K.L.:
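Just dropping this structure here.
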Amino acid sequence: MQSAGKLMKVFITRRIPQEGLKILSAAGVCEVSQWDSDEPVPRADLLKGIQGAHGLLCLLSDKIDAEVLEAAGPNLKVISTLSVGFDHLAIDEIKKRGIRVGYTPDVLTDATAELTVALLLATARRLPEGVEEVKNGGWSSWKPLWLCGYGLSGSTVGVIGLGRIGMAIAQRLMPFGVKRLLYSGRTAKPHAAEVNGEFVPLDTLVSESDFIVVSCSLTPETQGMCDKSFFSKMKPTAVFINTSRGAVVNQEHLYEALSSGQIAAAGLDVTTPEPLPTNHQLLTLKNCVVLPHIGSATYSTRGVMSALAVQNLLGGLQGTDMPSELTL
Ligand code: NDP
Ligand code: DGY
């Protein structure tokens, strides 16, 4: 048993699944302080809690920038984020200070791909509208022209970012009878052959797809990529789905495209900001389905993410391998 003075200090920015906390406590090498709430840690408490910490376990809602790193001071060896996305981390600042970063790829791929397919089908087949009509008495009889949507069979699907999640989405969509699978990104992917994926320029993907699924990471290049010009190239019958990050989309331009009928519908699991204000204009549209960023939200996935995030944290604290270290 180490004396309390020798324990390394860890700050955890949220209540997280027990799976990770059990591993942390069994390791017995840390003095843990935690923002033990389901709501985000206020910035002032983050800046206070991280002082002198050797390790930080954070979430995608915590902006880890130079100010936080300065507040932490020179002890900080590792930042472990409970997410695969790392756009909330100021990577240049972190790298400059020699801090290691852990993240949670792969373990959430299936859950996120599944949710993306659910969102695509719900949006294309207008499920939330249908449920609402059943409840509000709008269902008067079976009507040939009522609540029609778009099907996947014989369609062209375009995946922007055929990475881990993009590929898992494509694998799940192909059995619905998709005719062509287009994808775009920085580089062609050998694994695309498995889904007969065609690597095409973004403009081709946008103009030829019946369904567009955004599953890339948020980077300076992808920020605001889905804008007026993007939506103007889409077919008027096409459905737009985003489960990557809200900032990939210009939401004002999306609103214009949806409300003017330039595109058929959109399904978003991610928005800017999060939460989306309840009076946001996108929420007034019947052809826009918005979910509260629940891509990876299955009990088992969140448990495994928690365990992995803690294992990454411990690796960073002890100077050993991390199961999932981000290459900086
Ligand atoms: P990967 O790194 O495996 O995939 C990211 C993909 O983004 C790569 O294929 C990459 O293509 C592509 N990409 C990068 N830059 C561009 C660009 N300029 N244009 C088009 N594509 C680009 O990550 P994951 O698949 O594991 O995760 C992807 C993202 O999904 C995460 O970063 C996160 O933001 C989001 N996510 C959302 C969840 C949710 O709850 N909604 C859950 C989990 C993740 P290339 O290799 O050619 O550069
Ligand atoms: C991530 O991991 O990046 C997601 O957005 C949440 O699981």
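Remember, it's 1-based here, ligands and their atoms both numbered in the order they're listed. Below, each value reflects all heavy atoms present in this structure, side chains not excepted, and no hydrogens, waters or symmetry copies. Residues take their numbers from the sequence shown, with the count starting at 1. All values reported here derive from a predicted model rather than from experimental measurement.
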K.L.:
Using distance alone, determine whether T109 and ligand 1 share an N or O pair under 3.5 Å.
P.N.:
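So ligand 1 has no N or O lying under 3.5 Å from an N or O of T109.
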K.L.:
May I ask you to list the atoms of ligand 2 that are less than 4.0 angstrom from any heavy atom of L60?
P.N.:
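With L60 as reference, the close atoms of ligand 2 come out as 4 (C), 5 (O), 6 (C).
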K.L.:
Consider every N or O of R245 and every N or O of ligand 2, then say whether any pair is closer than 3.5 Å.
P.N.:
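Yes; the residue has a nitrogen or oxygen that sits under 3.5 Å from a nitrogen or oxygen of the ligand.
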K.L.:
Near S217, which atoms of ligand 1 are under 4.0 Å from a heavy atom of that residue?
P.N.:
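Once the distances to S217 are compared, the set is 5 (C), 7 (O), 14 (C), 32 (O).
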K.L.:
Considering both backbone and side-chain atoms of M305, is one of its nitrogen or oxygen atoms within less than 3.5 Å of a nitrogen or oxygen in ligand 2?
P.N.:
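In fact, backbone or side chain, M305 has no N or O that close.
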K.L.:
Indicate yes or no: does an N/O atom of I165 lie under 3.5 Å from an N/O atom of ligand 1?
P.N.:
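Yes.
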K.L.:
Side chains of S37 and R14: is there a donor and an acceptor less than 3.5 Å apart?
P.N.:
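Side chains of S37 and R14: no pair found under 3.5 Å.
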K.L.:
So, is I160 polar-close to ligand 1, with some N/O to N/O distance under 3.5 Å?
P.N.:
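So ligand 1 has no N or O lying under 3.5 Å from an N or O of I160.
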K.L.:
Using a strict 4.0 Å cut-off to heavy atoms of C216, name the atoms of ligand 1 that fall inside it.
P.N.:
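Every atom of ligand 1 under 4.0 Å from some heavy atom of C216: 6 (C), 7 (O), 12 (C), 13 (N), 21 (N), 22 (C), 29 (C).
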K.L.:
Could you measure the distance from the CG atom of L268 to the OG1 atom of T243? Nearest 0.5 Å is fine.
P.N.:
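Rounded to the nearest 0.5 Å, the CG-OG1 separation comes out at 10.0 Å.
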K.L.:
So is there a nitrogen or oxygen of S83 less than 3.5 Å from a nitrogen or oxygen in ligand 2?
P.N.:
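No; every N/O pair is 3.5 Å or more apart.
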K.L.:
Checking side-chain hydrogen bond (donor to acceptor under 3.5 Å, both in side chains) between R245 and each of D87, T219, D269, T222, which is the one that passes?
P.N.:
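Answer after filtering D87, T219, D269, T222: D87.
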K.L.:
Side chain, backbone, both or neither: which applies to L162 and ligand 1 if a contact is any heavy-atom pair less than 4.0 Å apart?
P.N.:
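Only the backbone of L162 comes within reach of ligand 1.
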K.L.:
Which label fits F230 and F240: parallel for a plane angle under 30°, tilted from 30 to 60°, or perpendicular past 60°?
P.N.:
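Perpendicular: the ring planes of F230 and F240 meet at over 60°.
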K.L.:
Is it true that a side-chain atom of N312 and a backbone atom of Y103 form a donor plus acceptor pair closer than 3.5 Å?
P.N.:
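Yes, N312 side chain to Y103 backbone: donor-acceptor pair under 3.5 Å.
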K.L.:
Which atoms from ligand 1 have a heavy atom of D269 less than 4.0 Å away?
P.N.:
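Near D269, the atoms of ligand 1 are 39 (C), 40 (O), 41 (N).
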K.L.:
What are the atoms of ligand 1, with element, lying closer than 4.0 Å to any heavy atom of S296?
P.N.:
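The list of qualifying atoms is 40 (O).
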K.L.:
Looking at E274, I'd like to know if its CD atom is crowded, meaning that more than 12 non-hydrogen atoms belonging to other residues, nucleotides or ligands lie closer than 6.0 Å.
P.N.:
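Enclosed: over 12 neighbouring heavy atoms sit under 6.0 Å from CD of E274.
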K.L.:
Please list, in number order, the atoms of ligand 1 under 4.0 Å from a heavy atom of T243.
P.N.:
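Under 4.0 Å from T243, ligand 1 has these atoms: 35 (C), 36 (N), 37 (C), 38 (C), 39 (C), 41 (N).
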K.L.:
Flag V84 as yes when one of its N or O atoms lies below 3.5 Å from any N or O atom of ligand 2, and as no otherwise.
P.N.:
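Looking only at distances, the answer is yes, because the N/O contact criterion of under 3.5 Å is met.
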K.L.:
Tell me the contacting part of T112 for ligand 1: side chain, backbone, both, or neither, using a 4.0 Å heavy-atom threshold, strictly below.
P.N.:
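Side chain only.
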K.L.:
Would you call K235 and E208 a salt bridge, using N to O less than 4.0 angstrom?
P.N.:
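No.
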K.L.:
With atoms numbered from 1 as shown, which atoms in ligand 1 lie under 4.0 angstrom from a non-hydrogen atom of S215?
P.N.:
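Result: 28 (C).
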K.L.:
Closer than 4.0 Å to some heavy atom of H293 - which atoms of ligand 1 meet that?
P.N.:
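Result: 39 (C), 40 (O), 41 (N).
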K.L.:
Considering the heavy atoms of H293, write down every atom of ligand 2 situated less than 4.0 Å from one of them.
P.N.:
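So the atoms of ligand 2 that pass are 4 (C), 5 (O), 6 (C).
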K.L.:
Taking distance alone, with N or O pairs closer than 3.5 Å, would you say R245 contacts ligand 1?
P.N.:
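Yes - when backbone and side-chain N and O of R245 are compared with those of ligand 1, one distance drops under 3.5 Å.
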K.L.:
Can you tell me if M167 contacts ligand 1 (heavy atom of the residue under 4.0 Å from the ligand)?
P.N.:
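M167 does not count as a contact of ligand 1 under the 4.0 Å cut-off.
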K.L.:
Of all the atoms in ligand 2, which lie at a distance below 4.0 Å from a heavy atom belonging to S296?
P.N.:
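Once the distances to S296 are compared, the set is 6 (C), 7 (O).
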K.L.:
State whether the shortest distance between N or O atoms of T104 and N or O atoms of ligand 2 falls below 3.5 angstrom.
P.N.:
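No - when backbone and side-chain N and O of T104 are compared with those of ligand 2, no distance drops under 3.5 Å.
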K.L.:
One residue to check: E221. Relative to ligand 1, which of side chain, backbone, both or neither has a non-hydrogen atom less than 4.0 Å away?
P.N.:
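Answer for E221: side chain.
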K.L.:
Looking at ligand 1, does any of its N/O atoms fall within less than 3.5 Å of an N/O of G163?
P.N.:
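Between G163 and ligand 1 (N or O atoms, distance only) the closest approach is under 3.5 Å.
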K.L.:
Does any N/O atom on D87 come nearer than 3.5 Å to any N/O atom on ligand 1?
P.N.:
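In this structure, D87 places no N or O atom under 3.5 Å from an N or O of ligand 1.
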